[in-house]
Structure formats: structure tokens, C-alpha cells
Amino acid sequence: MMRDIEPVFYQRVVRLIKNIPKGKVATYGQIAEYAGNRRAAREVSYILHSSSEKENLPWQRVINSKGRISMKPGRGYELQKQLLQDEGVVFDEEDRVDFDKFLWQP
DNA sequence: AACCTGACTTCGG
DNA sequence: TCCGAAGCCAGGT
């Protein structure tokens, strides 16, 4: 499934995501940057899409740079939001997460 | 190879 | 703040 994505990059992404503490969130770009390729946000997305179950990743803790959930209603949005709320993450009236409070700072 | 798509991001108006 | 466009990288057709 992973094929040509740099194995090192892949491993780093997996490790970083597993390190996001409960109740915190990270952005795709943030993970990509810490993994060594700040332009690979879409690859982070791809890794989550393809390996979340296999790697047992807390996939719900990765959201977009706007502080919103990227998945669309009916295709995962509700589940992700519920999982985050269950661990204490708060969404404002604009459906955004306050990075000052919830962004993961390694 | 060409083209489309996506759980992305940045920048300009 | 809010789009739209452009940049980005891989995978699927």
C-alpha cells in the first residue's frame, strides 16, 4: 500500500501521529514538516487514509490548517468530530478548534 | 503518458 | 474573513 513513499518519512509520520496526546490536535502540514517534508501534507493525508487501522493511529487528531475537520458530512466528519469531543476538544460556533488551546506542541 | 482526484496549504484580492 | 487559484505529491484510471 505504501510503495514509493519514503519509508523514513512514513515511519516518522506514523510515530508523530501516535505521539499526539489525547485531547490535542495537529495539522497535516505540521506533521509533514516535523517528518521532514513540509510540502507533503497530502501524503500525510494519504497515510492516514490507508494506514490508520493497520497502524492503529489516533487519526482523528489530525485536522486541517484552518482548524476544521476536512472530511465531509456523511464521509467521516461526524465520527471524527465526536471522537475529538469525547476526548475534550472543543469546536466553536464556526466549527473550528482553537489552536491556542488544542494544537499539539511537541 | 495524460488526466483526474483528494482527510492539504499558502497567497492575493 | 472569505473565496479562488495555484502549488503540491501520489494513486487510480
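The structure presented is a predicted model; accordingly, all values stated were derived computationally and were not measured. Note that these values count all heavy atoms, side chains included, but never hydrogens, waters or copies made by symmetry.
Atom pair A/Ile47:CD1 and B/dA7:P shows a separation of 15 Å (rounding to whole Å applied). Distance OH (A/Tyr34) to P (B/dC8): 19 Å, rounded to an integer number of Å. For A/Glu55 and B/dA7, the CD to P distance is 20 Å, given to the nearest whole Å. Regarding A/Ile31, its CD1 atom lies at a distance of 14 Å from the P atom of B/dC8, rounded to whole Å. In this entry the distance linking CZ of A/Arg61 with C1' of B/dA7 reads 16 Å, nearest Å. Rounded to an integer number of Å, the gap from A/Trp59 CH2 to B/dC8 P is 13 Å. The distance between atom CZ of A/Arg38 and atom P of B/dT9, rounded to the nearest whole Å, is 14 Å. At whole-Å resolution of the value, CG in A/Leu48 and P in B/dG6 are 17 Å apart.
Judged purely by distance below 3.5 Å, without hydrogens or angles, the side chains of A/Glu55 and A/Tyr10 pair a donor atom with an acceptor atom. A/Asn19 and A/Tyr34 share no side-chain donor-acceptor pair at under 3.5 Å. With no hydrogens or angles considered, no side-chain donor-acceptor pair links A/Gln82 and A/Gln60 at under 3.5 Å.
Nucleic acid contact for A/Arg42: base, since at least one base atom lies under 4.0 Å from a heavy atom of the residue. Across all strands shown, A/Gly76 has no heavy atoms under 4.0 Å from either base or sugar-phosphate atoms.
Closest to the A/Ser65 side chain, of the nucleotides B/dT10, C/dC2, B/dA7, is B/dT10. Comparing C/dC2, B/dT9, C/dC9 against the side chain of A/Thr27 picks out B/dT9 as the nearest. In the set C/dC8, C/dG11, B/dC8, the nucleotide with an atom closest to the side chain of A/Arg39 is C/dC8.
Rounded to the nearest Å, the gap between the P atom of C/dC2 and that of B/dA7 is 23 Å.
Between A/Lys66 and A/Gln80, the residue anchored closer to the 5' end of DNA chain B is A/Gln80, taking for each the nucleotide with the nearest heavy atom.
Taking side-chain N and O atoms only, A/Ser45 has no distance below 4.0 Å to OP1 or OP2 of B/dC8. When the side-chain nitrogen and oxygen atoms of A/Arg96 are compared with OP1 and OP2 of C/dT1, one or more of them lie within a distance under 4.0 Å.
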Check step by step if side-chain contact (heavy atoms from CB on, under 4.5 Å) holds for A/Asp92 and A/Asp98.
CA-CA 8 Å; A/Asp92 67 17; A/Asp98 185 347; over 6 Å; no

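In this structure, the side chain of A/Lys24 engages the main chain of A/Lys101 through a donor-acceptor pair within 3.5 Å.
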